[in-house]
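From a predicted model like this one, the values you see are computed outputs, not experimental measurements. Note on naming: letters A, B, ... go to the chains in the order of the sequence lines (proteins, then strands), and numbering restarts at 1 for each one.
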Amino acid sequence: MVFSENLPEKRIRRLLSRSFFHEEDVLSVAKNLLGKVLVTQFSGIETAGVIVETEAYRGADDRACHAYMNKRTKRTETMFRAGGHAYIYLCYGLHHLFNVVSGPEEVPDAVLIRAMEPVLGLDEMLRRRNLNRNQPKVSSGPACLSMALGIHKHMDGDRLWEKSGIWLEDWSFALDKDQIAADTRIGVSYAGSDALRPWRFFVKNNPWVSAYPKGLESV
DNA sequence: ATAATGATTCGCT
DNA sequence: GCGAATCATTATG
């Protein structure tokens with residue numbers, strides 16, 4: 001499914017409420033975030049994309065999660081906050097990866113946002129990405145997505161339920177269960193058997209999804 | 001104080 | 001496909 005082909009003239013934009021991040025477990029939140037719109041606004045310039053790929057990370061029992069075994073460090077402290085905060089950290093020394101904290105306070109679960117389809121402020125995103133036309137690599141993959149939206153680790157801990165610099169919206173894009181597939185997460189081979197968990201979720205047949213498995217199983 | 005290592009991407013080959 | 005870029009975080013001494 002491609003979202004930007006049939007954008008309605010009149011878009012009804014609703015800010016995602018705080019309860020969206022609280023009321024369900026991290027796997028459900030990861031699935032529910034598909035089709036939602038991630039928005040940033042800096043100095044009057046608004047940029048946004050429809051989320052098409054996510055990964056769930058669960059602190060309690062998931063070796064791929066930074067807060068595995070509920071490990072508290074300076075970095076993971078943000079994950080222990082209540083659902084709806086941004087968890088942003090530097091990867092490989094140069095990429096700012098964006099996550100949505102989920103669940104109640106003290107439960108260090110988060111959803112990595114891996115890919116989105118641009119729907120607002122494309123020109124600005126192309127500028128940030130140093131590209132001249134729309135294509136998947138504008139915002140396919142977590143580092144590309146962050147660069148397109150201007151996300152930086154200094155926004156770690158920001159509140160996503162308020163229209164400050166970064167927030168989430170519902171544009172009423174409907175997604176059936178059979179349009180969502182699950183696969184193993186990317187780049188977590190160090191996590192042993194937890195690397196096999198099918199905790200990556202993505203929209204089928206969307207060109208911005210960063211990697212497709214051999215078979216496509218609906219969730 | 002030192003060393004190892006990524007929830008990655010890009011540009012070549 | 002491969003290697004480089006590039007550094008905060010973390011564990012260990």
Test: A:E106 and A:R72 ion pair at under 4.0 Å: yes

Measure from [atom1] on [X] to [atom2] on [N] and round the result to the nearest Å.
{"X": "A:E55", "N": "B:dT8", "atom1": "CD", "atom2": "P", "answer": "7 Å"}
{"X": "A:K137", "N": "B:dT8", "atom1": "NZ", "atom2": "P", "answer": "18 Å"}
{"X": "A:Y87", "N": "B:dA7", "atom1": "OH", "atom2": "P", "answer": "9 Å"}
{"X": "A:Y190", "N": "B:dT8", "atom1": "OH", "atom2": "P", "answer": "8 Å"}
{"X": "A:I151", "N": "B:dT8", "atom1": "CD1", "atom2": "P", "answer": "15 Å"}
{"X": "A:H95", "N": "C:dA5", "atom1": "NE2", "atom2": "P", "answer": "13 Å"}
{"X": "A:I113", "N": "B:dT8", "atom1": "CD1", "atom2": "P", "answer": "14 Å"}
{"X": "A:H154", "N": "C:dA8", "atom1": "NE2", "atom2": "C1'", "answer": "16 Å"}

Counting side-chain heavy atoms from C-beta on, which of B:dT8, C:dT6, C:dT10 comes nearest to A:I186? B:dT8

Identify which nucleotide among B:dT9, B:dA7, C:dT6 has an atom closest to any side-chain atom of A:C144, counting heavy atoms from C-beta outward. B:dT9

Should A:V52 and A:F20 be regarded as members of a common hydrophobic cluster, given that ILVMFWY residues are connected when their side-chain heavy atoms come within less than 4.5 Å of each other, either directly or indirectly? yes

Same hydrophobic cluster for A:F42 and A:I151, using side-chain heavy-atom links shorter than 4.5 Å among ILVMFWY? yes

Looking at B:dA7, which nucleotide sits across from it as a Watson-Crick or G-U wobble partner, both distances under 3.5 angstrom, or is there none? none

C:dT6: pairing nucleotide in any strand, Watson-Crick or G-U under 3.5 angstrom: none

Using a heavy-atom cut-off of 4.0 Å across all strands, would you classify [X] as base, sugar-phosphate, or nothing?
{"X": "A:L97", "value": "sugar-phosphate"}
{"X": "A:A143", "value": "sugar-phosphate"}
{"X": "A:R185", "value": "nothing"}
{"X": "A:R129", "value": "sugar-phosphate"}

Residue pair A:S28 / A:E23, side-chain heavy-atom distance below 4.5 Å: no

A:R13 vs A:L120 side-chain heavy atoms within contact, under 4.5 Å: yes

Report yes if a side-chain nitrogen or oxygen of [X] is closer than 4.0 Å to either non-bridging phosphate oxygen (OP1 or OP2) of [N]; otherwise report no.
{"X": "A:Y92", "N": "B:dA7", "answer": "no"}
{"X": "A:R75", "N": "C:dT10", "answer": "yes"}
{"X": "A:K153", "N": "C:dT9", "answer": "no"}
{"X": "A:T73", "N": "C:dT10", "answer": "yes"}

Is the ring pair A:Y87/A:Y89 parallel, tilted or perpendicular, if the boundaries are 30 and 60 degrees? parallel

Is it the case that B:dA7 (base atoms only) and A:H66 (side chain only) share a donor and an acceptor within less than 3.5 Å, ignoring hydrogens and angles? yes

So which one's nearest nucleotide on DNA chain B is more toward 5', A:A67 or A:M147? A:A67

Return the stacking result for C:dA8 and A:Y89: yes when the ring centres lie under 5.5 Å apart and the planes under 30°, no otherwise. no

